[in-house]
Every structure is written in C-alpha cells, then in structure tokens.
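Hydrogens, waters and symmetry mates play no part in the numbers below; they use all other heavy atoms, side chains included. When a ligand or atom number is given, it counts from 1 through the structure's own listing order.
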Amino acid sequence: MKKQQMYVNGKWLDSLTGERFETKNPATGEILAEVPRGKKEDVDAAVQAARTRFESEEWQLFPPIERGRILHKVACALRADIEEIALLETLDTGKPLTQARKDVEASALYFEYYAGMADKIFGETIPVQPGILDYTLREPIGVTAHIIPWNYPLQIISRSTAAAIATGNTVVAKPAEDTPLTAIKLAEIFDQTDLPKGVFNLVTGYGFEAGSAISEHPDVDHITFTGSVQTGSAVMMGAAKNVKPVTLELGGKSPNIVFDDCDQEEAVDWVVRSIIQNAGQTCSAGSRLLVQQTIKQEFLEKVVEKMKTIQIGKGLDDLDLGPILNEKQFTRIFEFMGVAKKEGATFLTGGERQKTVGLEDGYFFQPTVIDGLSPDSYVAQEEIFGPVVTAFSFETEQQAIDLANGTDYGLVTGVWTKDGARAHRVASKIRAGQVFINNYGAGGGVQMPFGGYKKSGFGREKGLEALRNYTILKNVALKY
Ligand code: NAD
C-alpha cells in the first residue's frame, strides 16, 4: 500500500495534521493507497501559493505560447504513460480498462486542444466615436478552484485545469476522496514540466472539509464544480459569501427520443451504450428512453436482448460493465429500485445485485430496464447514477418534447429519426445543453460546449466556450 502526498507550491506534502484516508478498489474492496486528509489549513496554503504565483512577475510575463507548449508536453506525457494511467484509473474507479484508456486519451486531447488556444485569446476593438480608441482585454481571472467528481476523475480535472492554465490562471484542484490517484499522477506530470511552481496545486481531502474550505475561500476567484445538485448548491452558497463566480455541471436525467422511422439497430446500440458506459455513473447517461408507441414493444425487446448480452466483471477483466463506485452509491441504487417497485414498475431485466464468483465484495449491479412508471414518479425524475434506464412511450412529436423536457434537468438529449426537418424542429424545442441527432456523445467531443439548462447547472465546459469561465473582460477607452 503506497502512501501518497499532495502537491502544493511545487512540493510533495502530507496534510498539516498528518491525517490520511484510504482509497479502495470498488471491485474487490482492496485498499489501494493512503492519501493525505487535507483540511482548511492545507487549502489555505495551496490558495496562498496559487495567489503568490499568479501575481508574480514570472507568471505575469510568462509568454502565452510557452503556456501552450507546457500543456502540449502534458498531453504527450499522458499518452506516453497511457497504460499505466489507465490501470490506475481502473483500479480506483472500477471502470473497464478500455473505458479508462479512452479517458486518458480524452484528457490528452483537452491539454492539446487548450494548448493551441493559449496564444489565441483575443479582445475586440469597439467603434465608440471618432477620437476614442476603445478595446477589450480578456484577462485571466486569477486563482481558479476545481472540485472534481469520482466518475471521470482524470478527464474532468484535465478539462477544466487545461483551460484555466491556457488562459493564464493558477489552479487549486481537489479530486474526489474516492478517486484521487490519477489526479496525483497528473501533478507528477506537471512537476516534470517547466510550469512555474505554484501554478498547479492539488489538495486531497473530503468534500465537507477541503471541498467546503475551497468553496468559501475569499481568495479564490472562480470555482468549477462537477457533481450532485445538492453539493453544487452548497458550493454556490459558499462562493456567494465572497461574491465569486461558479461554473456548475450537475448531472441529468437525459432522454433518448426514438421515433418510429429511425434506424432501430443503431438506436438500440446507442441507447444501451449510453446507460452502460461507466456503469451509468455518467452525468450525461441516457437514463430515460422515450419510444414512439408504434414501435415500443419491439424496440424494448431489442434493448432488453442487448442488455442481457452485457458482460460484467472487474475493470481489469475489461468487459462491458464494471462495479458501482462505492457502498454509498450502491445502496442508493437499491433505494431507487425499492421506490420503483412501490411506484408500480415492471422490471424488464435486471434490478438486482450481480453475484460474481471471486468478487463477492464488489459492488456489481445488473443492467436494468424499467417500464410502467409514471413520468412524474420519483425514479423517472431523479438521477440514479447506475446502469438503469426507465422507458416511456409517446404518440406525437409534441408529447415526446414534453416528456423530454419534463424533469428538473437539462443536460443532453438524443433524437433518433430519419426525418431531418423533424430532428431540427425537436432540437430547437429541447431544453438541454447538448442535443445529439442519430448519435449520442459524438466521440466525447472535447471541442463541443457542454453544460446544463435548469438544475443541470450553468456555464459551459469544453470547446472555446470554456475559455470564458477563466477570463475576465476589461474595457479600455483612450482619447486621442
Ligand atoms: P458530490 O457532489 O458530493 O461530490 C463531488 C465532489 O464534491 C467531490 O470532490 C466531493 O469531495 C466534493 N464535495 C462534497 N461535499 C462538498 C462540499 N460541501 N463542498 C465542496 N465540495 C464538496 O457527489 P457524491 O456524493 O459523491 O455523489 C452523489 C450523487 O451526485 C451521485 O449519485 C450522482 O447522482 C451525482 N454525481 C454527479 C456527477 C456528475 O458528473 N455530474 C458526478 C458525481 C456525482
């Protein structure tokens, strides 16, 4: 069992109290490492380091193109060690190795993408009146904080810290307590580059200690958070005390809308993939299936048939579906199943623990398809975060739109139809940050702005849009 350290101001440190906690393999319960239990004082030290570095002449005069070159090196280092890093992610999260490899590749893409942007952050000149030269400057916002969830630990820390550093900010990041190992690996990679010490800082710790200390810190200039609505709201309240901006990405209850003229084989394939990916522990999981009544029965039969072919095992076995992250999440899924039964659900497949010989301590849950619930029921409305899809039917296009928009969330929607005009008509009426027509996810889409409507959050990550989170606009007017 390896003892890990945090990374603050270019130094590897234990927490100031010396306390630690364990991170475990969810497939076996095996303890993987001990990690420092950072608290408020550790956060203070990291924010202080990030502030001092942000204001230093070295960083203020650091050429943007050099920032980009360093981010490129991080991308190369991630790719060079892809097997080792994917293994670490698989052990810590439980996800199949192939999915973990894709995560490392996506992380490298984030660094590559934002590396190219570092010297392309433009302001504007604005025609005010003759004799006045008016222009805007898009400046770095300062010390940026990044509170990371456990479902895509490396991808999510990469997507926001790459954008923040590309735009000239400094960073204090906190990985989720369940999955800190690849974030520590990322700090090791930064440590081997020429990035000035104190630009990238990593504090490990619990949400209620280190996380809330970050949210309430008066010297943090922006907070990026991905996780639950409840915690996102707490982060926002902490930030509000100091009038700090936040970017919140808070999950969803995303539907696939399947019209009867679609390519059914393709749609079935993606409906299943979109809920099986990472054992359904994905903010953009396709957790609701809305099928046109005319094809409902045959379509559901095909979905169930496909779900029954899903192979379940530990991440290292590299099958289709790994374990749920931890006992808390596992129990939460069973609570949802209990409520579904009370609400009159029909389980077309799944709904139980998957017993796996030799992995009796693993949190394996069967791929599950539920029918017969009211669209207003608790299970149909709330994010389950497991491999569970609930099915509903509609007759008209308007009913499909109403069902799709009928939750508090609005992150992603899939539309399956061969009628191009209908596809765009539906897309225009959907209240979600991303709409996919005849695909779902489009290969991850580092380049596509991503974020929510309604309780799925606000602000956009990914793409050029994310650069707005990490820059602040100044207008300068000169009379000549
Ligand atoms: P969470 O939102 O509590 O945790 C996410 C991150 O926030 C972690 O780094 C955690 O340490 C930190 N955190 C926790 N409490 C905090 C606080 N008071 N202040 C600041 N930071 C804090 O998520 P969870 O409890 O691990 O999971 C619960 C549910 O959240 C899941 O079942 C799922 O529905 C949802 N979730 C969504 C996403 C997503 O990608 N949108 C990711 C993880 C969890």
Item checked: SB check K328 D178 (cutoff 4.0 Å) -> no
Next item on the list: Give a yes/no on ligand 1: does Y152 have at least one heavy atom closer than 4.0 angstrom to it?
Entry: no
Item checked: Nearest-contact summary for atom 24 (P) of ligand 1 - protein heavy atom, Å -> W150 NE1, 3.7 Å
Notebook entry, point to check: So, are K454 and D408 salt-bridged, with charged N and O less than 4.0 Å apart?
Noted result: no
Item checked: L250: numbered ligand 1 atoms lying under 4.0 Å from its heavy atoms -> 41 (N)
Next item on the list: Enumerate the atoms of ligand 1 whose separation from the nearest heavy atom of P149 is less than 4.0 angstrom.
Entry: 42 (C), 43 (C)
Check: Does K328 come within less than 4.0 angstrom of ligand 1, counting non-hydrogen atoms of the residue?
Finding: yes
Check: Does atom 9 (O) of ligand 1 have a protein non-hydrogen atom under 4.0 Å from it?
Finding: yes
Item checked: For Q329, atoms of ligand 1 separated by under 4.0 Å from a heavy atom -> 27 (O), 28 (C), 31 (C), 32 (O)
Next item on the list: Name the closest protein heavy atom to atom 38 (C) of ligand 1, giving the residue it belongs to and the distance to 0.1 Å.
Entry: F385 CZ, 3.4 Å
Item checked: Spacing of NZ belonging to K253 relative to CD1 belonging to I384, to within rounding of 0.5 Å -> 4.0 Å
Notebook entry, point to check: Counting heavy atoms only, which of A145, A176, G211, P175 is nearest atom 20 (C) of ligand 1?
Noted result: G211
Notebook entry, point to check: Relative to each other, are the rings of Y440 and F436 parallel, tilted or perpendicular (30° and 60° limits)?
Noted result: tilted
Item checked: Proximal ligand 1 atoms for E177, defined as those under 4.0 Å from one of its heavy atoms -> 10 (C), 11 (O)
Note to self: Please report whether the ring centroid of W59 lies less than 6.0 Å from that of F54.
What the structure shows: no
Notebook entry, point to check: Which heavy atom of the protein is the closest neighbour of atom 35 (C) of ligand 1, given with residue, atom name and distance?
Noted result: E383 OE1, 3.6 Å
Item checked: Within-4.5 Å side-chain heavy-atom neighbours: D42 and V8 -> no
Notebook entry, point to check: Nearest protein heavy atom to atom 7 (O) of ligand 1, by residue and atom, and its distance?
Noted result: F225 CE1, 3.2 Å
Check: What part of Q230, side chain, backbone, both or neither, has a heavy atom within less than 4.0 angstrom of ligand 1?
Finding: neither
Notebook entry, point to check: Does the side chain of L87 come within less than 4.5 Å of L316's, by heavy atoms?
Noted result: yes
Item checked: Which residue and heavy atom of the protein sit nearest atom 40 (O) of ligand 1, plus the separation -> N151 ND2, 3.0 Å
Next item on the list: Heavy-atom distances under 4.0 Å are what count here, so tell me which part of I148 touches ligand 1: side chain, backbone, both or neither.
Entry: backbone
Next item on the list: Check each atom of ligand 1 against the heavy atoms of V235 and keep those under 4.0 Å away; list them by number with element.
Entry: 20 (C)
Note to self: Taking 4.0 Å as the limit for heavy-atom contacts, which would you say applies to Q281 with ligand 1: side chain only, backbone only, both, or neither?
What the structure shows: neither
Check: Can you list the ligand 1 atoms lying under 4.0 Å from a non-hydrogen atom of T226?
Finding: 5 (C), 39 (C), 40 (O), 41 (N)
Note to self: Just so I know, are the side chains of T390 and L289 near enough to count as touching, which here means a heavy-atom distance under 4.5 Å?
What the structure shows: no
Note to self: Could you measure the distance from the OG1 atom of T226 to the CD1 atom of I156? Nearest 0.5 Å is fine.
What the structure shows: 5.0 Å
Checklist line | From G207, A285, G280, S228 - option closest to atom 2 (O) of ligand 1 by heavy atom | finding: S228
Next item on the list: Just jot down the ligand 1 atoms closer than 4.0 angstrom to any heavy atom of E249, in number order.
Entry: 41 (N)
Item checked: Region of I214 engaging ligand 1 - heavy atom pairs below 4.0 Å -> neither
Next item on the list: Give yes or no for whether the N/O distance cutoff of 3.5 Å, strictly under, is met between Y206 and ligand 1.
Entry: no
Notebook entry, point to check: Is the ring centre of Y409 less than 6.0 Å from the ring centre of Y453?
Noted result: no
Checklist line | Parallel, tilted or perpendicular, as decided by the 30° and 60° cut-offs, for the rings of F111 and F190 | finding: perpendicular
Check: Can you find an N/O atom of I384 closer than 3.5 Å to an N/O atom of ligand 1?
Finding: no
Check: Distance from I223 atom CD1 to E216 atom CD, nearest 0.5 Å?
Finding: 9.0 Å
Item checked: SB check E465 R468 (cutoff 4.0 Å) -> yes
Next item on the list: Side-chain contact test, heavy atoms from C-beta onward, threshold under 4.5 Å: evaluate it for V220 versus K244 and give yes or no.
Entry: no
Check: With a cut-off of 4.0 Å, which atoms of ligand 1 are near a heavy atom of S215?
Finding: 19 (N), 20 (C)
